[in-house]
Amino acid sequence: MGGRNESTWTFLTNHGHVFVFVTRNPDARIRDISEAVGITERATQAILRDLIDGGYVSSQRVGRRNTYSVDRGRAMRHPVESERLVGEFLAVFTEDHGQEPGAGG
């Protein structure tokens, strides 16, 4: 029953994929993120900048690398999901289901 559209779309945008990946891998390099998501390093940097500028992710320099932290207490951006917190969304994709929504990631 395979259709031609089976592999041409996903439920998450590249922003969503990067967001989930840095939540799971806070010490990941840009290269690691871009390879996992399947986008360029430049696109990964732009997405991270969007997430940081939006207050969803913060970045801290540790030695020569960045460590990312997610603010799980922020509301989802789109009006359809705006009554939900990003922590609820991330709980679906991470193993820390018991963590409080406002806790860092």
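- Environment of CZ in Arg29: crowded, with over 12 heavy atoms of neighbouring residues, nucleotides or ligands closer than 6.0 Å.
- In this structure, Arg74 contributes its side chain and Gly54 its backbone to a donor-acceptor pair below 3.5 Å.
- The local environment of CD in Gln60 is sparse, with at most 12 non-hydrogen atoms from other residues, nucleotides or ligands closer than 6.0 Å.
- Residues Val92 and Val80 do not share a hydrophobic cluster, defined by chaining ILVMFWY side chains whose heavy atoms lie under 4.5 Å apart.
- Within the 4.5 Å cutoff, side-chain heavy atoms of Ile39 are placed close to those of Val18.
- Taking CG of Leu12 as the reference point, atom CZ of Phe89 lies at 4.5 Å (rounded to 0.5 Å).
- Taking CG of Asn25 as the reference point, atom CG of Asp32 lies at 8.0 Å (rounded to 0.5 Å).
- A distance of 8.0 Å separates OG1 of Thr67 from CZ of Arg65, quoted to the nearest 0.5 Å.
- Shown here are the salt bridge (charged side-chain N to carboxylate O under 4.0 Å, His left out) partners of Arg84, two or more places apart in sequence or in another chain: Glu88.
- When every heavy atom of Ser82 is checked against every heavy atom of Ala75, the shortest pair comes out as O-CB, 3.5 Å.
- At least one side-chain heavy atom of Leu90 sits less than 4.5 Å from a side-chain heavy atom of Phe19.
- Residues Arg72 and Thr23 are in side-chain contact: their nearest non-hydrogen atoms beyond the backbone lie under 4.5 Å apart.
- Taking OG from Ser69 and CD1 from Ile52, the interatomic distance works out to 10.5 Å, rounded to the nearest 0.5 Å.
- Listed by chain and residue number, Glu41, Thr44, Gln45, Leu48, Tyr68 satisfy the side-chain contact (heavy atoms from CB on, under 4.5 Å) test with Ile30 (two or more places apart in sequence, or in another chain).
- Asp50 pairs by the side-chain contact (heavy atoms from CB on, under 4.5 Å) definition with His15, not counting sequence neighbours.
- In terms of heavy-atom proximity, Gly73 sits nearest to Leu85 at O-CD2, 3.3 Å.
- Looking at heavy atoms from C-beta onward, Tyr56 lies out of side-chain contact with Asp71 at the 4.5 angstrom threshold.
- Once rounded to the nearest 0.5 Å, the distance linking OG of Ser59 with CZ of Arg49 reads 7.5 Å.
- By the 4.5 Å heavy-atom criterion applied to side chains, Val86 and Met76 are counted as neighbours.
- The neighbour count for Arg31 CZ, taken as heavy atoms of other residues, nucleotides or ligands under 6.0 Å away, does not exceed 12.
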